[in-house]
Amino acid sequence: MSHDSSPDHDVIIIGAGVCGIYALHRLLQKELNVTVLEAGSGPGGTWYWNRYPGCRFDSESWSYGYSFSDEILQEWDWAEHFAPQPETLRYLEYVVEKLSLRSHMQFDCKVTRCVWDEESRSWRVNLEDGRSLTTRFLMTAIGLLSAPTMPVIEGVEDFEGDAWHTYYWPKTDVDFEGKRVGVIGTGATGVQVIGELADKVEELVVFQRRPNWCAPLHNSSISPEEMAAIKTRYQEIFEQCRRTPGGFIHAPLRTAVSDVSVEGRHEFWEELYNSPGFGIWLGNYRDVLMDQAANDEFTAWIADKIRDRVDDPWTAEKLIPTDHGFGARRVPMETNYYEAYNRDNVRLVCLRDTPIVRITSKGVLTTEEEHEVDILVYATGFDAVTGSFDRIEFVGTDGQSLRDRWANDPITYLGIQIHGFPNLFTLAGPTAGSVSTNFPRGIEDGVDWAADLVQHIIDHEITRVECTNEAEDEWSRHVQEAYNVLLLSKAKSWFNGYNSNLEGGGKARHLLYWGGAPRYRDRLEVVAENDYEGFVLT
Ligand code: NAP
């Protein structure tokens with residue numbers, strides 16, 4: 001069915017998080033007619049939804065803020081080196097006000113269906129509230145981790161206390177005093193919740209299936225003098241981020257583990273363990289995440305740290321992963337996590353020994369006993385990367401559905417476009433190199449590039465943009481090669497599509513780009529220089 005008249009909008013952006021905010025700003029600068037559709041009641045995306053206790057990012061705050069506006073950089077003061085969720089949400093709200101973006105955003109509106117119309121060369125976007133909009137170009141900024149998954153366990157509805165998935169944490173304060181709390185899940189989220197709640201609740205029961213390798217965050221507050229000094233160094237900080245594979249301030253060393261004496265390695269690892277942030281994961285010897293022997297050695301070293309910090313030897317051994325080496329899954333950064341288990345009110349339940357049988361009205365029944373709790377926290381993760389796309393029905397040329405197209409692997413060109421879905425740009429989509437980074441750093445690059453492409457389209461009176469099958473095939477091969485050099489390709493985690501709560505338990509899929517931000521940026525540049533090779537512009 002074709003649209004009756006010209007589309008309502010030049011561009012519709014779905015999502016008002018870190019990516020949507022910046023995309024809107026860039027497109028408004030080009031004087032386009034743009035609107036943002038957001039399911040939440042305010043901007044912020046990830047930082048709007050995740051309000052669970054202990055939620056904060058693992059990027060140095062001053063490397064996380066947008067870099068494009070010197071005025072914003074100079075005006076905004078970060079209070080902590082690793083800002084907690086309320087501070088980051090305040091920051092994003094401040095940016096939205098500062099750039100007068102709010103009036104271009106529509107909140108509380110859920111997109112349900114987007115259908116391409118070949119005749120009018122536009123997209124029709126349907127909302128849950130019954131409205132329908134049309135647009136020449138559609139951009140998704142719907143996040144990697146915004147489709148939370150509840151565990152597939154019998155009885156979840158039977159629990160009579162309060163229970164939340166961490167993503168849907170209530171906006172009002174939760175009173176934990178005197179409460180018995182159960183936490184299911186020990187990924188980056190669960191680890192933050194556990195560290196935060198251990199000394200605030202009467203009793204904490206941690207239901208752990210597979211442990212993760214965690215490392216200390218070493219967060220601290222930023223004094224006014226320190227903040228003033230940071231403000232003079234922003235250019236240097238962002239240049240440093242541009243040089244690293246992950247867009248963080250941390251980059252792997254050029255030396256390999258075996259290039260250094262045993263004492264030298266241990267000294268360096270000790271230094272990393274005592275330093276703030278992701279250095280221990282992303283700033284280690286170059287082979288730790290790629291070579292099994294190097295990884296085994298570091299893994300054995302850090303296992304002893306857990307044994308040092310956890311008093312009870314049984315608990316310590318249960319907290320040590322045995323199915324993957326350090327860094328092969330996302331490393332949760334922790335604050336007093338291991339020490340939590342030394343407290344009398346905290347208990348670890350090892351679900352591999354005593355699996356959950358069901359959730360009851362009073363708590364969690366394992367094969368060993370029923371754990372009665374007042375509050376149940378589901379820190380059970382996400383249908384990562386493609387889950388947020390699957391919740392919307394995208395219908396491309398010839399009626400094909402994106403959900404079906406991506407059922408086996410999310411095939412894209414540069415993570416930005418999909419053959420058969422013209423004029424749709426998946427900002428922060430699967431296999432986009434701008435995604436597997438310190439998010440705002442990669443996002444600024446990806447959005448800038450897409451905004452330039454839109455400018456090119458306008459300048460050349462182009463009405464249709466679609467990548468070729470061949471370009472997708474070549475990009476997919478490159479994405480797979482980048483996975484294969486890393487040990488993470490052998491571990492089961494959301495990085496490569498696993499989630500036991502999805503049908504079939506999830507399956508090995510190539511969701512992310514691991515070739516590094518600089519290489520991705522170079523590639524984008526070459527594509528643009530060569531008249532957007534791989535795209536058909538008509
Ligand atoms: P996650 O890493 O996928 O962890 C989910 C946890 O729930 C795992 O421990 C999993 O166990 C467990 N689980 C899932 N289903 C279960 C079931 N049916 N029964 C028992 N246990 C179950 O999810 P996440 O912790 O929410 O983290 C996701 C990502 O969000 C992170 O990797 C990170 O990228 C991001 N994040 C970032 C920050 C930050 O910036 N600091 C903080 C939080 C999250 P198995 O491991 O056995 O499957």
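Every number for a ligand or one of its atoms is a count from 1 in the order of the listing. All values below were derived from every heavy atom in this structure, side-chain atoms included, with hydrogens, water molecules and symmetry-related copies excluded.
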If you scan protein heavy atoms around atom 36 (N) of ligand 1, the nearest is A188 CB, 4.0 Å
Among Y167, F57, W169, Y91, ring pair (Phe, Tyr, Trp, His ring centres under 6.0 Å) partner for W47: F57
Can you sort out which atoms of ligand 1 are near L351, meaning under 4.0 Å from one of its heavy atoms? 20 (C)
Atoms of ligand 1 under 4.0 Å from any heavy atom of R56, numbered from 1 in the order shown, are 39 (C), 40 (O), 41 (N)
Check each of N438, N501, T149 against atom 18 (N) of ligand 1 and report the one with the nearest heavy atom. N501
What I want to find out is whether R509 reaches D409 closely enough, with some N-O distance under 4.0 Å, to be called a salt bridge. no
Among G54, G185, P355, which residue places a heavy atom closest to atom 12 (C) of ligand 1? G185
Residue, atom name and distance, where the atom is the protein heavy atom closest to atom 35 (C) of ligand 1: L145 CD1, 3.6 Å
Among protein heavy atoms, which lies nearest atom 48 (O) of ligand 1, and at what distance? R209 NH2, 2.9 Å
Could you list the residues that satisfy side chain to side chain contact (heavy atoms under 4.5 Å, CB included) with L365, not counting sequence neighbours? V357, R358, T360, E370
Using a strict cut-off of 4.0 Å, indicate which atoms of ligand 1 neighbour a heavy atom of F382. 26 (O)
Is it true that Q480 and N484 share a donor-acceptor pair across their side chains at a distance under 3.5 Å? no
Protein contact of atom 31 (C) of ligand 1 - nearest heavy atom, named by residue and atom, plus distance: W494 NE1, 3.6 Å
Using a strict threshold of under 4.0 Å (side-chain N to carboxylate O), is an ion pair present between E444 and R521? no
Sole residue of E80, Q192, E87 in side-chain hydrogen bond (donor to acceptor under 3.5 Å, both in side chains) with R56: E80
Are R329 and F326 in a cation-pi setup, meaning NZ or CZ lies under 6.0 angstrom from the ring centre and within 45 degrees of the ring axis? no
Indicate the atoms forming the closest heavy-atom contact of T386 with W406, along with that distance. CG2-CE3, 3.9 Å
Nearest protein heavy atom with distance in Å, relative to atom 2 (O) of ligand 1: G187 CA, 3.7 Å
Determine yes or no for a side-chain-to-main-chain donor-acceptor pair under 3.5 angstrom, with N345 supplying the side chain and A198 the backbone. yes
Among S59, G190, A379, S436, closest by any non-hydrogen atom to atom 6 (C) of ligand 1: A379
Taking only non-hydrogen atoms of Q192, do any sit less than 4.0 angstrom from ligand 1? yes
Ranked by distance from atom 37 (C) of ligand 1, the top protein heavy atom is R330 NH2, 3.3 Å
Any N/O of N212 closer than 3.5 Å to an N/O of ligand 1? no
By number and element, which atoms of ligand 1 are closer than 4.0 Å to a non-hydrogen atom of P151? 17 (C), 18 (N)
Does K492 have a non-hydrogen atom less than 4.0 Å from ligand 1? no
Run the salt-bridge test on R286 and D291 with the 4.0 Å N-O cut-off and return the result as yes or no. no
Among protein heavy atoms, which lies nearest atom 27 (O) of ligand 1, and at what distance? T189 OG1, 3.7 Å
If only side-chain N and O atoms count, and only distance matters, is there a donor-acceptor pair under 3.5 Å linking N295 with T299? yes
How far is atom 3 (O) of ligand 1 from its nearest protein heavy atom, and which residue and atom name does that atom have? G381 CA, 3.9 Å
For ligand 1 and I356, I'd like to know whether there is a polar contact (N/O to N/O, distance under 3.5 Å). no
Can a donor-acceptor pair be found between the side chains of T412 and T431 at a distance below 3.5 Å? yes
Atoms of ligand 1 less than 4.0 Å from R329 heavy atoms? 46 (O)
Assess whether atom NZ of K98 is packed by more than 12 heavy atoms of other residues, nucleotides or ligands within 6.0 Å. yes
In ligand 1, the atoms that come under 4.0 Å of a heavy atom of I184 are 20 (C), 21 (N)
In this structure, does ligand 1 have an atom that sits under 4.0 Å from one of the heavy atoms of Y52? yes
